[in-house]
Each structure stands twice: as structure tokens, then as C-alpha cells.
Amino acid sequence: MRHWQLRSPVTEQEWQSYYHLRWQILRAPWRQPVGSEQDQLEQAAYHLMLVNNAGVIAGVGRLHKIDSETAQVRYMAVADEYQGKGVGSRILAGLEAQAVLWQCQRVQLNARETALPFYKNYGYKLIAPAPEQFGIAHSVMHKLVCLTNSTQHQLWCHQLNDTWQRTIPLSQYMQLTIASFNGNELRCNAPLAPNINLHHTMFAGSIYALATLTGWGMLYLQLQALGLQGDQVLAEGTIKYFKPVAELPQARCVLQNCIGDLNPLSEGQKVLQKIKVAIYSADKLAAEFTGRYAVLPVKGTVK
């Protein structure tokens with residue numbers, strides 16, 4: 001599905017096909033009439049579809065604002081022949097990115113019982129039961145896409161940088177710095193000069209370290225936002241190298257790609273979080289890292 005395009009419908013034909021897929025997957029099996037797949041928020045909402053050059057639509061989804069802090073996903077639908085191929089994941093990621101652009105703090109949705117594992121896999125948490133629809137049980141779920149207390153972001157970054165310098169000497173040798181953090185995305189730089197190999201590109205070990213430390217840093221920032229403390233360790237990490245890093249190395253990590261509840265740490269429990277980090281070479285994707293991090297509670301608080 002890599003050659004398919006994720007975008008909003010544009011032409012009248014695309015809009016018709018977009019709504020038809022919604023009706024076909026979400027309404028027709030329950031003998032609901034055409035038109036029941038739309039509501040009064042269509043004009044104000046953000047719409048996405050995954051479509052190929054032939055105009056075939058594999059999946060659709062919609063996002064609208066509930067309030068200034070919350071956006072809601074609705075009408076997620078994937079054509080039968082494209083299920084299990086990552087279509088829903090791409091659409092959901094696109095909708096979450098739009099919620100960030102709207103400066104929302106969280107994304108909410110009402111999930112059918114059969115869809116709960118899918119959304120849990122992408123970091124959504126059960127909040128409460130939702131009204132049944134067509135006799136099908138639904139649950140309210142939500143996911144944080146931006147850390148609150150934005151006035152504290154600069155302070156947290158300063159504390160993170162100090163922690164790196166004091167406790168992880170490698171960060172000094174790499175000249176690791178925080179380029180930016182906006183509550184959703186952490187960007188970290190490491191200049192090429194101290195991390196270069198004999199091919200005049202970034203040493204693979206430095207790429208791995210840059211990704212690892214950026215993921216570690218995003219975890220640290222989340223703990224600060226939650227008012228939690230613990231010992232952070234990398235339990236497992238894998239990386240895929242796509243191209244050499246020849247200039248302007250930068251690691252980027254977004255909150256949507258940090259999957260795992262950290263709150264049980266407050267009850268003295270160890271917590272795990274899977275974090276993805278992308279490495280860029282002058283704004284071109286060069287590598288992708290996936291790490292499984294653990295946070296161990298302070299001694300004496302384990303239950």
C-alpha cells in the first residue's frame with residue numbers, strides 16, 4: 001500500500017465514493033438507508049481517504065472538534081479487500097496529525113467491541129461505556145497527542161538536557177542537543193563532525209544512540225508532565241537503516257508513537273512503553289528506530 005495516497009476527497013466523484021464506502025461498511029450490513037452515513041458535522045469536519053491513481057478508495061475516516069482540547073474520530077471504514085493491510089493505521093495516524101495541527105490535547109472515539117484491540121494497539125485507553133448502536137456495544141476511548149502544561153515545556157527540556165549531560169556521558173561526546181519540543185514532537189540534533197565514519201556519513205552507532213536518547217528523552221518529558229519519577233531503561237531496540245545520514249542529522253519523535261500507559265508507576269508498578277523515533281538526513285528519512293522502554297519505580301514503592 002506504499003504507493004497509495006492519503007488525502008481528502010476533492011472531486012464530486014471522490015466525495016460520492018468516499019461516502020459510499022462509509023455506508024457500505026458501517027451502515028449497509030444493518031440495513032440502514034443511504035444518507036445515514038452522514039451527519040450535521042460533515043462541513044466542519046476533516047476527511048481522509050487512502051486512494052490510488054485509479055481512484056480506488058481503500059479506507060476512509062473523519063475528524064471533528066468536540067471542544068478546543070478534544071478532537072473526535074468517526075466513521076473509520078476499510079474496504080473488505082484491503083483489511084489487514086495497514087489501511088486503518090495510516091488513516092488513524094493522519095487524523096491524529098490533524099488533531100495536533102488543531103492544537104488539540106487528545107483524540108477521542110467510540111469503538112465497537114471488535115475494534116478495541118486495534119485502538120489499544122495504537123495507545124487508546126478505555127474511558128467509559130458508550131451508547132450502543134445497532135445493538136453493538138461501544139466504548140469511549142481517548143489518546144493524548146499533546147502534553148499539557150505548555151508553560152513548563154522549556155523547563156522540562158532544560159532538565160532533560162542537564163540529565164543527559166550528568167548521567168549519560170555519550171551525549172556530551174555526540175554533542176546532542178534539543179532542537180525543539182512543542183508538547184507533541186521532540187526533535188534532537190547531533191552534528192555530523194563528531195559522529196562521522198570513514199565514509200564521511202554518520203556512524204551507525206551514533207544514529208542508534210541518537211534515536212535511543214531521543215526516545216528516552218520523550219519518555220522523560222512524559223513523566224515530567226505526569227508528575228512521576230522512576231528509573232528509565234531501554235529494554236529492547238531495533239533499527240532499520242534506509243540511507244546514509246550525510247548532513248544535518250536529526251531525530252524526531254511524536255507523542256502518538258509512544259504506546260503504553262505510564263500511570264501505574266504512581267502505584268509502584270513497573271511500566272513499559274514502545275516508542276518510535278525517525279532519523280532524518282537534511283529532512284529526508286534515513287532510519288527508523290523502535291524501542292521498548294521500561295520505567296522502574298523508586299525503590300520501596302513497588303507493590
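Sequential numbering from 1 along the given sequence is applied to the chain's residues.
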**Q.** By salt bridge (Lys or Arg N to Asp or Glu O under 4.0 Å) - contacts of Arg252 (at least two apart)
**A.**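 Arg252 satisfies salt bridge (Lys or Arg N to Asp or Glu O under 4.0 Å) with Asp283 only.
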(Q) Tell me if the CD atom of Gln133 is crowded by more than 12 foreign heavy atoms within 6.0 Å. (A)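 For Gln133, atom CD is crowded (more than 12 foreign heavy atoms under 6.0 Å).
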Please list, chain by chain and in numerical order, all residues satisfying ring-ring contact (aromatic ring centres under 6.0 Å, His included) with [X], sequence neighbours excluded.
X	answer
His138	none
His20	Trp23
Phe134	Trp30
His153	Trp156, Phe181

(Q) Suppose we screen for side-chain contact (heavy atoms from CB on, under 4.5 Å). Which residues come up paired with Arg7, at least two apart in sequence or across chains? (A)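 With neighbours one apart ignored, the set is Gln5, Val10, Glu14, Met49, Val51.
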Q. Under the side-chain contact (heavy atoms from CB on, under 4.5 Å) test, which residues partner Ala211, sequence neighbours left out?
A.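 Residues passing side-chain contact (heavy atoms from CB on, under 4.5 Å) with Ala211: Val277, Ile279, Phe289.
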Qualifying residues under side chain to side chain donor-acceptor pair (under 3.5 Å), relative to [X], sequence neighbours excluded:
X	answer
Lys143	Glu96
Lys120	none
Gln108	none

Q) So which pairs with a foot in residues 180-202 pass salt bridge (Lys or Arg N to Asp or Glu O under 4.0 Å), sequence neighbours left out? A)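 Pairs touching residues 180-202 that pass the test: Glu185-Arg187.
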Q. When rounded to the nearest 0.5 angstrom, what is the spacing between CG in Leu192 and NE2 in His200?
A.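 Output value for this atom pair is 10.0 Å.
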Q: Specify the closest pair of heavy atoms between Gly183 and Leu255, including all atoms of both residues, with the distance to one decimal.
A: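 Reported closest heavy-atom pair: O-CD2, 4.0 Å.
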Q.
Looking at every non-hydrogen atom in both residues, tell me the closest pair between Tyr293 and Thr212 and how far apart they are.
A.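 Taking every non-hydrogen atom into account, OH-O, 2.7 Å.
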Q: Have a look at Leu109 and tell me which of Val73, Leu95, Val140, Leu63 forms a side chain to side chain contact (heavy atoms under 4.5 Å, CB included) with it.
A: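 Among Val73, Leu95, Val140, Leu63, the one meeting side chain to side chain contact (heavy atoms under 4.5 Å, CB included) with Leu109 is Val73.
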Q. Which pairs with one or both residues in residues 41-79 pass ring pair (Phe, Tyr, Trp, His ring centres under 6.0 Å), sequence neighbours excluded?
A.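 Applying ring pair (Phe, Tyr, Trp, His ring centres under 6.0 Å) to every pair that reaches into residues 41-79, excluding sequence neighbours, yields Trp15-His47, Tyr18-His47.
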Q. Without hydrogens or angle criteria, can the side chains of Asn263 and Asp261 be said to hold a donor-acceptor pair below 3.5 Å?
A.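 The criterion, which ignores hydrogens and geometry beyond distance, is satisfied for Asp261 and Asn263.
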